[in-house]
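A short write-up of the structure that comes next.
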Amino acid sequence: FSEAGEQYTLCARQLTVQMMQNPQILAALQERLDGLVGSPSGYMESLPKVVKRRVNALKNLQVKCAHIEAKFYEEVHELERKYAALYQPLFDKRSDIVKAAYEPTEEECEWKADEEEELTEEMKEKAKVEEEKKDEEKEDPKGIPEFWLTVFKNVDLLSDMLQEHDEPILKHLQDIKVKFSDPGQPMSFSLEFYFEPNEFFTNTLLTKTYKMRSEPDENDPFSFDGPEIMGCTGCTIDWTKGKNITLKTIKKKQKHKGRGTVRTVTKTVPNDSFFNFFTPPDVPESGDLDEDSEAVLAADFEIGHFIRERIVPRAVLYFTGEAIEDDDDDYDEEGEEADDEEGEEEGEEENDPDYDPKVGRRAYC
């Protein structure tokens with residue numbers, strides 16, 4: 001019986017493959033599937049009229065719930081703004097240490113790593129001597145050199161944006177701050193990138209602002225899933241002449257149709273760079289975008305959200321790599337196996353599994 005069953009299964013699979021290779025069968029199947037998209041539940045259609053009326057009453061209650069939820073997230077935004085002010089003095093001190101404006105005391109520098117608990121006094125002393133010897137061989141560095149550049153290079157989401165020509169500029173990045181909109185103003189947050197004077201541009205501050213909305217769509221209130229990032233604006237970078245790495249010059253040869261002579265034409269075209277982050281595509285009032293622009297904005301929103309939620313609050317842990325290990329711990333073994341089997345899209349949610357980067361998706365975890 002087992003062999004017969006296996007033979008039957010094999011025949012069924014072969015028949016299915018043959019059917020799916022038939023264009024007429026595929027077309028009929030697709031037509032059937034298209035007809036099912038958006039079709040109401042047969043169960044709902046079978047309900048008595050008086051029950052349908054009551055279901056409509058529940059749906060009206062659900063709309064009211066969505067509006068209350070929207071108000072809840074507005075208050076969450078206000079709470080974030082309040083606590084941002086409490087965090088900021090600590091972040092300012094972090095910035096002062098990084099850029100050598102403040103030298104921490106011995107007490108502030110004391111840190112007992114887990115592995116040190118198991119070291120003997122002799123091993124500790126030997127490690128201390130070796131460390132002092134290394135310090136003597138090097139020049140005395142100021143602050144923490146290349147702090148933010150190292151953070152960027154340690155995070156896949158950001159390192160994918162970096163080009164080799166970006167790195168000399170990001171060595172001058174001294175701090176990143178998050179600024180929330182004032183009370184009573186439309187919801188938004190800004191990322192502020194502070195640079196020391198450098199040879200590449202005259203700006204000391206580059207900004208990126210994300211506009212948000214926390215209200216249900218009148219036409220589709222049930223789709224509300226928290227605040228949405230609706231658009232973003234960058235800033236103008238005042239590049240020093242010849243230093244604009246977001247553009248590159250190429251030479252093309254053109255042949256004259258009549259005379260057959262060839263000339264070389266120089267053209268300026270866009271160049272891959274992290275600093276394109278500050279010139280995102282404009283979102284038209286209609287909200288309609290072509291696929292390329294929508295993809296760029298989706299990635300942009302993911303990056304902006306990640307910098308705000310993870311990078312700024314936990315920068316030192318991304319510098320040391322500890323936060324990256326924590327992010328990896330968010331994935332369980334079962335999830336990884338499922339990804340392998342189902343062929344999930346690569347790269348999506350690489351650093352923040354709670355965030356959906358699609359345009360107009362919720363901006364809170």
Side-chain angles (χ1 to χ4, degrees), residues 77 80 148-149 151-153 155-163 165-167 169-170 172-173 175-181 185-195 200-214 225-239 243-248 268-312 345 347-352 355-365:
H77 184 74
E80 276 198 309
W148 289 102
L149 173 58
V151 170
F152 276 44
K153 291 171 77 172
V155 179
D156 289 344
L157 189 66
L158 301 178
S159 64
D160 288 345
M161 302 170 63
L162 292 185
Q163 307 298 321
H165 46 253
D166 291 322
E167 295 188 16
I169 307 177
L170 288 172
H172 297 285
L173 179 59
D175 198 13
I176 304 176
K177 295 181 180 180
V178 179
K179 184 177 180 180
F180 292 91
S181 53
Q185 296 298 312
M187 289 176 66
S188 69
F189 69 92
S190 297
L191 301 176
E192 300 180 336
F193 294 72
Y194 291 83
F195 288 83
F200 300 96
F201 46 69
T202 57
N203 312 66
T204 56
L205 173 65
L206 300 180
T207 60
K208 184 74 170 288
T209 300
Y210 291 87
K211 299 174 184 177
M212 301 163 65
R213 182 182 70 178
S214 182
D225 194 24
E228 302 168 319
I229 297 178
M230 304 306 296
C232 57
T233 53
C235 66
T236 300
I237 301 178
D238 299 318
W239 294 98
K243 298 291 186 179
N244 187 349
I245 59 172
T246 64
L247 298 174
K248 65 180 178 182
T268 301
V269 297
N271 192 27
D272 290 337
S273 167
F274 164 76
F275 290 89
N276 291 324
F277 179 69
F278 297 98
T279 53
D282 293 326
V283 179
E285 292 185 7
S286 64
D288 295 331
L289 293 166
D290 58 54
E291 287 187 10
D292 290 343
S293 296
E294 188 169 330
V296 170
L297 279 177
D300 188 289
F301 293 168
E302 179 182 10
I303 292 160
H305 177 82
F306 190 77
I307 292 174
R308 165 194 157 184
E309 287 290 318
R310 298 289 188 97
I311 298 297
V312 171
E345 291 180 7
E348 188 175 337
E349 306 311 307
E350 199 161 48
N351 292 291
D352 190 350
Y355 180 66
D356 187 338
K358 293 183 181 178
V359 177
R361 299 292 285 181
R362 64 185 293 177
Y364 286 90
C365 295

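Computed from a predicted structure; not experimentally measured.
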### Task
Could you list the residues that satisfy salt bridge (Lys or Arg N to Asp or Glu O under 4.0 Å) with Lys211, not counting sequence neighbours?
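Result, salt bridge (Lys or Arg N to Asp or Glu O under 4.0 Å) vs Lys211: none returned.
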
### Message
Checking Lys248 now: which residues fulfil salt bridge (Lys or Arg N to Asp or Glu O under 4.0 Å) with it, not counting sequence neighbours?
### Response
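Lys248 satisfies salt bridge (Lys or Arg N to Asp or Glu O under 4.0 Å) with no other residue.
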
### Query
Residues two or more places apart in sequence or in another chain: which of them pass ring pair (Phe, Tyr, Trp, His ring centres under 6.0 Å) with Phe200?
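Per chain and number, Phe200 pairs via ring pair (Phe, Tyr, Trp, His ring centres under 6.0 Å) with no residue.
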
### Message
Taking ring pair (Phe, Tyr, Trp, His ring centres under 6.0 Å) as the definition, give me every residue that meets it alongside Tyr194, ordered by chain and number, with sequence neighbours left out.
### Response
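Not a single residue meets the ring pair (Phe, Tyr, Trp, His ring centres under 6.0 Å) criterion with Tyr194.
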
### Task
May I ask you to establish whether Lys208 and Phe277 are in a cation-pi arrangement, using a distance under 6.0 Å from NZ or CZ to the six-membered ring centre and at most 45° from the ring axis?
yes

Going by the rule side-chain hydrogen bond (donor to acceptor under 3.5 Å, both in side chains), which residues pair with [X] if we only count those two or more places apart in sequence or in a different chain?
X	value
Lys243	Glu199
Ser214	none
His172	Glu196

Could I get the full list of side chain to side chain contact (heavy atoms under 4.5 Å, CB included) partners for [X], not counting sequence neighbours?
X	value
Thr207	Glu192, Leu205, Cys235
Thr204	none
Pro186	none
Asn203	Phe201, Leu206, Ile237, Asp238

Donor-acceptor pairs are to be reported for all side-chain atoms of residues 269-276 against protein atoms at under 3.5 Å, with residues two or more places apart or in another chain.
unit_1	atom_1	unit_2	atom_2	d
Asn271	ND2	Ile245	O	3.1
Ser273	OG	Asp166	OD1	2.7
Ser273	OG	Phe275	N	3.0
Asn276	ND2	Asn271	O	3.0
Asn276	ND2	Ser273	O	3.4

